[in-house]
Amino acid sequence: MPLALPGDDVTPEQFVTFWCDGSCGLYIHPNVWHGAIVPLDDQAELLDRQGRVHARVSVDFAKEFGCYLGVPMRRPDP
């Protein structure tokens, strides 16, 4: 899950990616920039619960910055 701190002038370098194995939930505070959850398996089941207000502001990195976010990921060692 790519996340960045709140602010008006977000850049690709400000995003940090977090690994979640599904054994617990993930809570995203309001105003935190976030991208899509990307499963590593071919199939995944995601349960989504959002608050009463959902105001997501998206960034089109290709149009605004001429790039995509890319993070090499692998499963952590057990």
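All values derive from a computational prediction rather than experimental measurement.
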Would you say Leu5 has more than 12 foreign heavy atoms packed within less than 6.0 Å of its CG? no
Apply side chain to side chain donor-acceptor pair (under 3.5 Å) to Asp42 and list each qualifying residue two or more places apart in sequence or on a separate chain. none
To the nearest 0.5 Å, atom CH2 of Trp33 lies from atom CG of Leu3 at 12.5 Å
For residues Val10 and Ala4, report the shortest heavy-atom separation together with the two atoms involved. CG2-CB, 4.0 Å
State whether the side chain of Asp41 and the backbone N or O of Ala44 hold a donor-acceptor pair below 3.5 Å, judged by distance alone. no
Interatomic distance, CZ@Phe65 vs OG1@Thr11, rounded to 0.5 Å, equals 6.0 Å
One should read off an interatomic distance between Leu26 CG and Met1 CE, to the nearest 0.5 angstrom, of 5.0 Å
Between CZ of Phe15 and NE2 of His34, what distance do you get to the nearest 0.5 Å? 9.5 Å
Is it the case that one hydrophobic cluster holds both Val71 and Ile37, taking links as side-chain heavy atoms less than 4.5 Å apart, direct or via other members? no
Could you name each residue pair satisfying side-chain hydrogen bond (donor to acceptor under 3.5 Å, both in side chains) that touches residues 21-31, not counting sequence neighbours? Asp21-Ser23
